[in-house]
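Below is one structure, written out as structure tokens; the observations come after it.
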Amino acid sequence: MTTASPQLLRVLLIDDNPADRLLAEEAFAEHAGVVTVSTCEDGPEALQRLQDERITLPDVVILDLNMPQMSGFDVIQAIRTVPRIRHLPVVILSTSDRPQDVARAYDLLASSYMVKSRDFPGFVQQIEHFVNFWYDCRFPR
């Protein structure tokens, strides 16, 4: 009797900070059996990848707000205007807990807003909750 391998939740992480991308990859590595993460370092790169019809779309996008070339607000606004990708769940992951940032993200149809934990163990726990929630949404039991 063969056991089917679990489906993988595909996540696209968009963050300009190499250290933050590395920390996120480390946190996601604990869930390697159920999630695969690809990264982009800025909005234009992410939008180009998402619009490439040869590339499988992610199940969920994690988006930093504070990026120099194109802010996270600009990226989510662009995502929502492109028919191929406008349906994608976009989760904001930011150090900002400013109410106006949270409100603006939801106005732009963010699926969720997470304020990044200041310590790594807290961040790992956030990622665990993220993976559990989105995996269950994508692959209901």
Counting N and O atoms only, with roles assigned by atom type, does the side chain of [X] sit under 3.5 Å from a partner on the main chain of [Y], one being a donor and the other an acceptor?
X      : Y      : answer
Asn132 : Glu128 : yes
Arg138 : Leu9   : no
Asp15  : Asp64  : no
Ser111 : Val90  : yes
Tyr106 : Tyr113 : yes
Arg141 : Asp136 : no

Gln48, CD atom: more than 12 neighbouring heavy atoms under 6.0 Å: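 Not buried by this count: 12 neighbours or fewer within 6.0 Å.
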List the atom pairs, donor and acceptor, that lie under 3.5 Å between side-chain atoms in residues 119-126 and the rest of the protein, sequence neighbours left out.
{"unit_1": "Asp119", "atom_1": "OD1", "unit_2": "Gly122", "atom_2": "N", "d": "2.6"}
{"unit_1": "Gln126", "atom_1": "OE1", "unit_2": "Ser117", "atom_2": "N", "d": "2.8"}
{"unit_1": "Gln126", "atom_1": "NE2", "unit_2": "Val115", "atom_2": "O", "d": "2.7"}

Between [X] and [Y], is any pair of side-chain heavy atoms under 4.5 Å apart?
X      : Y      : result
Val82  : Gln51  : yes
Val11  : Phe130 : yes
Tyr135 : Gln7   : yes
Arg49  : Leu12  : yes
Thr56  : Arg10  : yes
Pro89  : Val60  : yes

Kindly compute the distance separating [atom1] ([X]) from [atom2] ([Y]), expressed to the nearest 0.5 Å.
X     : Y      : atom1 : atom2 : result
Gln69 : Asp74  : CD    : CG    : 10.5 Å
Asn66 : Ser96  : CG    : OG    : 6.5 Å
Glu45 : Met70  : CD    : CE    : 12.5 Å
Ser71 : Ile76  : OG    : CD1   : 10.5 Å
Gln77 : Leu108 : CD    : CG    : 5.5 Å
Phe28 : Ile62  : CZ    : CD1   : 3.5 Å

Cluster link [X] to [Y], ILVMFWY, side chain under 4.5 Å:
X      : Y     : result
Val91  : Leu57 : no
Ile55  : Ile14 : no
Val102 : Val75 : yes

Side chain to side chain contact (heavy atoms under 4.5 Å, CB included) for Lys116 and Asp20? Distances and angles first, verdict last. CA-CA 10 Å; Lys116 196 180 299 181; Asp20 286 348; 3.2 Å; yes
Identify the two heavy atoms, one from [X] and one from [Y], that lie closest to each other, and give their separation to 0.1 Å.
X      : Y      : value
Ile85  : Leu50  : CG2-O, 3.3 Å
Leu8   : Ala32  : CD2-O, 4.0 Å
Ala27  : Ile127 : CB-CG1, 3.7 Å
Leu109 : Arg80  : O-NH2, 2.9 Å
Asp42  : Met67  : CA-SD, 4.4 Å
Leu63  : Gly72  : CD2-O, 3.3 Å

Let's go through Arg104 and Asp101 carefully: what are the C-alpha distance in whole Å and the side-chain angles of both, what is the deciding distance for side chain to side chain contact (heavy atoms under 4.5 Å, CB included) to 0.1 Å, and is it a yes or a no? CA-CA 5 Å; Arg104 184 169 179 208; Asp101 287 344; 5.7 Å; no
Go through the steps for Leu47 and Ile79 under the test side chain to side chain contact (heavy atoms under 4.5 Å, CB included), then give the verdict. CA-CA 7 Å; Leu47 291 170; Ile79 287 171; 3.8 Å; yes
Test salt bridge (charged side-chain N to carboxylate O under 4.0 Å, His left out) applied to Arg21 and Glu25, step by step: CA-CA 6 Å; Arg21 286 194 309 269; Glu25 287 172 339; over 6 Å; no
Should Leu65 and Phe73 be marked as a side chain to side chain contact (heavy atoms under 4.5 Å, CB included) after you check the CA-CA gap, both sets of side-chain angles, and the distance that decides it? CA-CA 6 Å; Leu65 284 184; Phe73 295 123; 3.7 Å; yes
Go through Asp52 and Arg84 one step at a time and tell me if the salt bridge (charged side-chain N to carboxylate O under 4.0 Å, His left out) criterion holds. CA-CA 10 Å; Asp52 185 338; Arg84 169 177 155 78; over 6 Å; no
Restricting to side-chain hydrogen bond (donor to acceptor under 3.5 Å, both in side chains), what partner residues turn up for Asp16, sequence neighbours left out?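 Once residues adjacent in sequence are excluded, Asp16 has no partner under the side-chain hydrogen bond (donor to acceptor under 3.5 Å, both in side chains) criterion.
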